[in-house]
There are 2 protein chains.
Amino acid sequence: MHSLEDIRADVLASLKAAGLKETWQRRAIVDELVGDESHPTAQELYERLQVEHPSISFATVYNTLGALASVGCVQTVSLGGATRFDPNISAHHHAICEVCECVLDVPATRRERPEIPGFEVRLVEKVFRGTCAACRE
Amino acid sequence: MHSLEDIRADVLASLKAAGLKETWQRRAIVDELVGDESHPTAQELYERLQVEHPSISFATVYNTLGALASVGCVQTVSLGGATRFDPNISAHHHAICEVCECVLDVPATRRERPEIPGFEVRLVEKVFRGTCAACRE
DNA sequence: ATCAGTGCAAAACCTTTGCAATTGT
DNA sequence: ACAATTGCAAAGGTTTTGCACTGAT
């Protein structure tokens with residue numbers, strides 16, 4: 001059982017463990033992202049942060065998200081258009097609605113290790129394209 | 001058994017069937033893409049075409065690829081970075097090497113219809129991220 | 001004190017569009 | 001002739017970088 005506070009603390013600890021400094025900007029970014037299921041882009045996150053922290057620059061948001069991703073605290077999601085960031089790092093996949101572009105998490109079920117001769121698979125991503133419940137009326 | 005000429009003819013016929021005109025630019029683009037397994041971006045295709053057809057504009061390449069995709073003659077592949085185009089329209093997935101960024105086709109095996117409550121799945125895409133044979137040395 | 005991080009601004013890259021001239025039908 | 005397509009050029013969006021200054025350690 002991990003509360004959001006636990007996750008937040010874990011993320012900040014991971015940053016520290018990687019030799020990255022803890023700044024109030026990074027705390028704010030982590031706070032904004034942890035527990036967020038909307039799969040925001042860097043731009044969206046930046047705009048949301050502007051409300052409470054108008055002095056944070058886009059570059060800081062962008063770079064911090066990259067740092068979080070490289071440390072493994074967030075997943076990046078490339079579905080066309082801008083990269084989205086996902087604080088859910090459990091094994092899961094994504095469904096994207098072709099109407100409203102919303103992104104849903106899809107729990108991973110069976111584990112797959114398909115045979116691709118010579119290719120060493122590190123990660124399998126699945127993208128389900130279709131129409132979300134709301135857009136089906 | 002489809003030869004490249006057959007495929008080329010099919011693609012041009014599909015364009016015509018969709019009410020799109022057959023121009024020498026489109027023929028050249030189709031010729032360049034059919035049978036290509038390298039998953040080029042619009043820019044890459046444009047540069048390749050420059051050699052034989054220096055007067056083709058990037059916009060024409062870009063728009064034609066979009067037209068081919070909307071007619072269903074090519075698949076678009078979003079793996080981060082620029083959109084790639086794949087003339088292979090059979091059901092298959094992709095493996096991308098995290099070292100050299102090459103993209104390989106992976107045949108689809110079983111059919112999956114995971115349950116996502118309320119979500120109507122049209123298409124499942126899988127991306128295998130890892131290291132290709134050449135990059136493993 | 002040191003050195004990574006920040007903010008700013010600009011560059012680079014990718015995608016898309018408007019429009020006048022051209023071309024397929 | 002008509003309408004779609006082209007080439008150009010520019011705009012819009014996304015990602016990345018350089019650099020002087022700030023701030024965490």
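All chains are named by letter (A, B, ...) in the order of the sequence lines, taking the proteins before the strands, and each is independently numbered beginning at 1.
- For A:Glu22, the side-chain atoms get nearest to D:dT25 when compared with the rest of C:dC8, D:dT25, C:dC14.
- Counted within 6.0 Å of CD on B:Glu37, heavy atoms from surrounding residues, nucleotides or ligands total 12 or fewer; the atom is thus considered open.
- When rounded to the nearest whole Å, the span between CZ of B:Phe58 and C1' of C:dC13 equals 10 Å.
- Going from atom CG of B:Leu15 over to atom C1' of D:dT6 covers 15 Å, rounded to whole Å.
- Computed from coordinates, the A:Leu79 CG to D:dT14 P distance equals 14 Å when rounded to whole Å.
- The phosphate of C:dC14 (OP1 or OP2) has no side-chain N or O of B:Thr83 nearer than 4.0 angstrom.
- In this structure, the side chains of A:Glu125 and A:His94 stay at 4.5 Å or more apart for every pair of heavy atoms.
- Put simply, OH on A:Tyr46 and CD on A:Glu32 are 13.5 Å apart, with the number rounded to the nearest 0.5 Å.
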Would you be so kind as to tabulate the donor-acceptor pairs closer than 3.5 Å made by side chains of residues 74-82 of chain A, with sequence neighbours excluded?
none

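- Considering only side-chain atoms of A:Ala59, the nucleotide from C:dG24, C:dA9, C:dT15 that sits closest is C:dA9.
- Residues B:Thr41 and B:Arg84 share a closest heavy-atom pair of CG2-CG, 4.1 Å.
- Shown here are the side chain to side chain contact (heavy atoms under 4.5 Å, CB included) partners of A:Ser3, two or more places apart in sequence or in another chain: A:Glu5, A:Asp6.
- Dashed line: the shortest gap from a side-chain N or O of B:Thr60 to OP1 or OP2 of D:dG7 is under 4.0 Å.
- Residue A:Lys16 contributes atom NZ, which lies 11 Å from atom P of D:dA24 at whole-angstrom precision.
- We find that CD1 of B:Ile56 is positioned 18 Å from P of C:dT22, with the value rounded to whole Å.
- Of the side-chain N and O atoms in B:Gln25, one or more sit less than 4.0 angstrom from OP1 or OP2 of D:dG7.
- Residues A:Asn63 and A:Gln43 both approach DNA chain D. Their nearest nucleotides, taken by heavy-atom distance, put A:Gln43 toward the 5′ side.
- With D:dG7, D:dT5, D:dT25 as the choices, the nucleotide that has an atom nearest any side-chain atom of B:Thr23 turns out to be D:dT5.
- Rounded to an integer number of Å, the gap from B:Tyr46 OH to C:dT15 P is 15 Å.
- The nearest whole Å value for the distance from the CD atom in B:Glu47 to the C1' atom in C:dC14 is 13 Å.
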Distances under 3.5 Å between nitrogen or oxygen atoms of protein and nucleotides 1-4 of chain D:
unit_1 : atom_1 : unit_2  : atom_2 : d
D:dA3  : N3     : B:Lys21 : NZ     : 3.2
D:dA4  : O4'    : B:Lys21 : NZ     : 3.0

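- OP1 or OP2 of D:dT6 has not a single side-chain nitrogen or oxygen of B:Ser55 nearer than 4.0 Å.
- Taking the six-membered ring where the residue is Trp, A:His53 and A:Trp24 present tilted rings, their angle falling between 30° and 60°.
- Distance, B:Leu65 CG to D:dT6 C1': 15 Å, rounded to whole Å.
- The 5' end of DNA chain C is approached more closely, in terms of each residue's nearest nucleotide, by B:Gly81 than by the other of B:Arg27 and B:Gly81.
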